[in-house]
Amino acid sequence: MIKKIKKHPSTEVYALGQHICMSPHKARRVIDQIRGRSYYETLVILKLMPYRACYPIFDLVYSAAANARCNMGFNEADLVISKAEVNQSTTVKKLKPRARGRSYPIKRPTCSITIVLKDTLLSEFSSDKLKRYQYNILDLNKPDGWITKEKYPDMTSYDMYNNGGLWDKK
């Protein structure tokens, strides 16, 4: 599996729903309507649409926003759906009994849905400003007495496993 490297991975939060019992075509019909919209506008659209695919997508959008709020400290008013995609997942195969003792296969398609929320406020910052902003969000301002690599650039960390720790002795 190839992973893409993002410029600012800390400005995006995602939620992934796997093996949702629904055709990917029916889920794409709803996903195409919400892509690129703000968080609150998306919730209103999903509440008012009459399709069955809206319920799991609503849960995923809500879950991604909760991840953004709790894990990263983002404000929900600044969130925008930057990427939303539906991929085909495994097909559940069952056999149904029919006349004369024969069986009839039933195929139920499933899909996996990925929702990525992006904070528009943080995407405008540079990487240096982003680090300072995250420390302010999480209230992690470092006191002046801490020993950091910025103060002492020649400081090296002791690695017990590579520098002959306890278990290397014979």
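These values consider heavy atoms only, across backbone and side chains, with no hydrogens, waters or symmetry-generated copies.
Between the CD atom of Q33 and the OG1 atom of T42 there is a distance of 11.0 Å, given to the nearest 0.5 Å. Taken from CZ in F58 to CG in L60, the straight-line distance is 11.0 Å, to the nearest 0.5 Å. In this structure, the separation between CG on L79 and OG1 on T120 is 7.5 Å, given to the nearest 0.5 Å. In this structure, CE on M22 lies 6.0 Å from CD1 on I113, to the nearest 0.5 angstrom. Here the NZ-CZ distance, from K83 to R35, works out to 10.5 Å after rounding to the nearest 0.5 Å. The structure places CD1 of I115 at 4.0 Å from CD1 of I31, a figure rounded to the nearest 0.5 Å.
Looking only at side-chain heavy atoms (C-beta outward), I34 and L46 come within less than 4.5 Å of each other. You'll find the side chain of P105 reaches within 4.5 Å of the side chain of L95, heavy atoms only. Residues M49 and V30 are in side-chain contact: their nearest non-hydrogen atoms beyond the backbone lie under 4.5 Å apart. Contact of the V116 side chain with the V13 side chain is not registered, since no non-hydrogen atoms from C-beta on lie closer than 4.5 Å. Contact annotation: the side chain of Q88 never approaches that of C111 to less than 4.5 Å [non-hydrogen atoms, C-beta and beyond]. Between Y39 and I81 the shortest side-chain heavy-atom distance does not fall below 4.5 Å.
The closest donor-acceptor contact from the side chain of S63 to the backbone of D59 lies at 3.5 Å or more, if one exists at all. Using modelled atom types, no side-chain atom of R98 and backbone atom of Y104 make a donor-acceptor pair closer than 3.5 Å.
A cation-pi arrangement is found for R29 relative to Y51, the charged atom lying closer than 6.0 Å to the ring centre and inside a 45° cone about the ring normal.
Pairs of residues two or more places apart, or lying in two chains, that qualify as salt bridge (Lys or Arg N to Asp or Glu O under 4.0 Å) and include a residue from residues 37-53 are R37-E41.
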Practice prompt. Mind running side-chain contact (heavy atoms from CB on, under 4.5 Å) on E76 and Y40 for me, showing each step along the way?
Written response: CA-CA 8 Å; E76 291 177 349; Y40 289 119; 3.3 Å; yes
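The nearest pair of heavy atoms linking A53 to A27 is CB-CA, 4.0 Å.
With S112 as the fixed residue, the side chain to side chain contact (heavy atoms under 4.5 Å, CB included) test singles out one of V86, N87, T90: N87.
Crowding of Y62 atom OH: a count of heavy atoms from other residues, nucleotides or ligands under 6.0 Å not exceeding 12. Environment of CZ in R108: sparse, with no more than 12 heavy atoms of neighbouring residues, nucleotides or ligands closer than 6.0 Å.
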